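Notes follow once the structure below has been shown.
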Protein chains: 2
Amino acid sequence: MVRPETRQRVQDAIDALGYRANQAARQMRTGRSRLIAARIEPAQDGINGSILDRFLHGLADAAAPARYRVLLYTAADDAAEIATYDDMLSAYDIDAFVLTSTHHADTRTSWLAERGVPFVTFGRPWDALGSHPWVDVDGAAGTAEATRHLLRAGHRRIGFIGWPAGSGVGDDRRSGWAAALAEAGIDGHGLDAVTADGVAEGAAAARDLLTRGEPVTAIVCCSDSLALGALHATGGAEPAMPGTPAPGRVAVIGFDDTPVAQAVGLTSIAQPLGEAATHCLRLLAAQLDAPDSRPPGDGQILLAPALVPRRTA
Amino acid sequence: MVRPETRQRVQDAIDALGYRANQAARQMRTGRSRLIAARIEPAQDGINGSILDRFLHGLADAAAPARYRVLLYTAADDAAEIATYDDMLSAYDIDAFVLTSTHHADTRTSWLAERGVPFVTFGRPWDALGSHPWVDVDGAAGTAEATRHLLRAGHRRIGFIGWPAGSGVGDDRRSGWAAALAEAGIDGHGLDAVTADGVAEGAAAARDLLTRGEPVTAIVCCSDSLALGALHATGGAEPAMPGTPAPGRVAVIGFDDTPVAQAVGLTSIAQPLGEAATHCLRLLAAQLDAPDSRPPGDGQILLAPALVPRRTA
DNA sequence: TTGTAGGCGTTATCAG
DNA sequence: CTGATAACGCCTACAA
């Protein structure tokens, strides 16, 4: 609401002097910091730990053009994380939080919601899907695609190695496998094994699947760790080079498309992590820039993963 | 400088009201933000990309107890990174920067030094070692240890696959191998190959080393990517399981101890990244909390990596 | 030992 | 359309 000429004159002065608005002063006046907080996992469990890192990269990339910045924090458990929210909120006026690794009975979301703090979760709120904006990857679609890929290759007895029931993510991934089998008129009963995550655990579970009455000819796994173990147990493990013919007698598909999968030639399901991060930031920006408007697409975004076929399936 | 009784009364009030000092106001008054900026790499190159992530984890962990927080930024190149410094400095009053991936003719350090901005580098300033506080891992010590490990196992013709000269890190790692060979009275001439980083590149280089007049019986590599390639080229690549006997006819040792090395059973050299991060933060805190004191240990810290023996050597 | 005034750089409000 | 003024919360200095 100012004459264009004046506007230009001011802009020139800004450029000439190299003026930059001071965030601290602005923040004190407006109460907004243009800071978004995200958690970085304390330690790495090697094979699987890198997923959240890649998501974080995406977040930082997406934040920059929107002129937001990402502030890191760590927390050992949900209680500590909530304490950290409290701290960051009162000390830094964090504009919003990005939560990861949602799970059943997640106390973090309700804490934030009660206080009216904007946030998005990367991961569905497994207990109450409509309660807040979230972005997630459709694990069931991924395992279903993997299973159909194996069906097309002629497999009928397709096993599944997953995590104990109740984990949200794990149950979701299992359901895709089960659905694809049902689609093909196959009874999946007795074709699956449950175990904690890990390479050795995957190997043990695979050996179990192979020594049952009718052994499986292919296995879909909940993670690349499990798949790597399965690969070894089925004798299908081998080097890394692209172009090498498929070796194993049992097809194996992992989940997450980690560097290890690439290195070993393991067929795996890749999550669109960068895309997920972009959506998270978009939802947040919508919330922050227009406080009382519905987020676009209702704020619930489910992304499809992609099968990356390699030597093992 | 106040009666203990009064002090207590104030403390009680603080607790009762849940009062927290507002950083924005404090920052405006004092000019310090308790924010430390660190760069997160834009994209991942899979096998090797995770090193800086692990460092970042360490940094976030170390920052928390010192009541600093880590602010992320991304930048495509040095020029963009400097522009980002400028921006963050004037808008957020960043207290200090942690730079990674130092290289020859690094313009970032001089820019910051000229402006009196506190910073540490993770990575030596290859051109002028005494110029500012830094923390680094002694790559030469790592490759020397790896080479000695192979010598002890009876190897004499120990090859090296490294990167083109001029990269600081690469030259350093090569020098350790050369020194260990010289120590044992072996001439390393003709036992090394130079190539860009990558699995395929490593395989090609290894094939080269194996088809020379007197082929090598062991290879030390500049990275796990190269080592993985070498492993395949020498026929030594195989699954992942611990406890499997060593298979290859040529011993191979990688660098960085990435998840891929763990998965494949590749012997590798591990950098103490958490320790490095802790030191970085300590140096920074010393600089920030006592502006004109020499940093402890002169502010130049060289950490020793550790060989992690696995099946391939 | 305790209370009070001023200013850090913005933005919002209100009178010209 | 423009210029002046107050207030955000903290810290420092100075007065009581």
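Below, chain A is the first sequence line, B the second, and so on; all start at residue 1. Just so you know, these numbers come straight off a predicted model, no measurement behind them.
With rounding to whole Å, B/Asp93 atom CG is found 11 Å from C/dT10 atom P. Atom CG in B/Asn22 sits roughly 14 Å away from atom C1' in C/dT10 (whole-Å rounding). Rounded to whole angstrom, the span from the CZ atom of A/Arg26 across to the C1' atom of C/dA12 amounts to 14 Å. Rounded to an integer number of Å, the gap from CZ of A/Arg29 to P of C/dT11 is 9 Å. Rounded to whole Å, the distance from CD on A/Gln27 to C1' on D/dC8 is 11 Å. Separating the CE atom of A/Met28 from the C1' atom of C/dT10 is a distance of 8 Å, rounded to the nearest angstrom. Straight-line distance from the CZ atom of B/Arg20 to the C1' atom of D/dC8: 20 Å, rounded to whole Å. Straight-line distance from the CZ atom of A/Arg32 to the P atom of C/dA12: 11 Å, rounded to whole Å.
Residue A/Ala21 is in sugar-phosphate contact alone, with no base atom involved, counting any heavy-atom pair closer than 4.0 Å across all strands shown.
Side chains of A/His279 and A/Arg282: a donor on one and an acceptor on the other come within 3.5 Å.
Applying the salt bridge (charged side-chain N to carboxylate O under 4.0 Å, His left out) definition to pairs two or more places apart or across chains, those involving residues 131-141 of chain B are B/Arg124-B/Asp136.
Classified by interplanar angle (parallel below 30°, tilted 30° to 60°, perpendicular above 60°), the ring pair B/Phe119/B/His132 is tilted.
Look at B/Tyr92 and you won't find any side-chain N or O under 4.0 angstrom from OP1 or OP2 of C/dG9.
Under the rule for a salt bridge (Lys or Arg N to Asp or Glu O under 4.0 Å), the partners of B/Arg108 that lie at least two apart in sequence or sit in another chain are B/Asp78, B/Glu81, B/Asp106.
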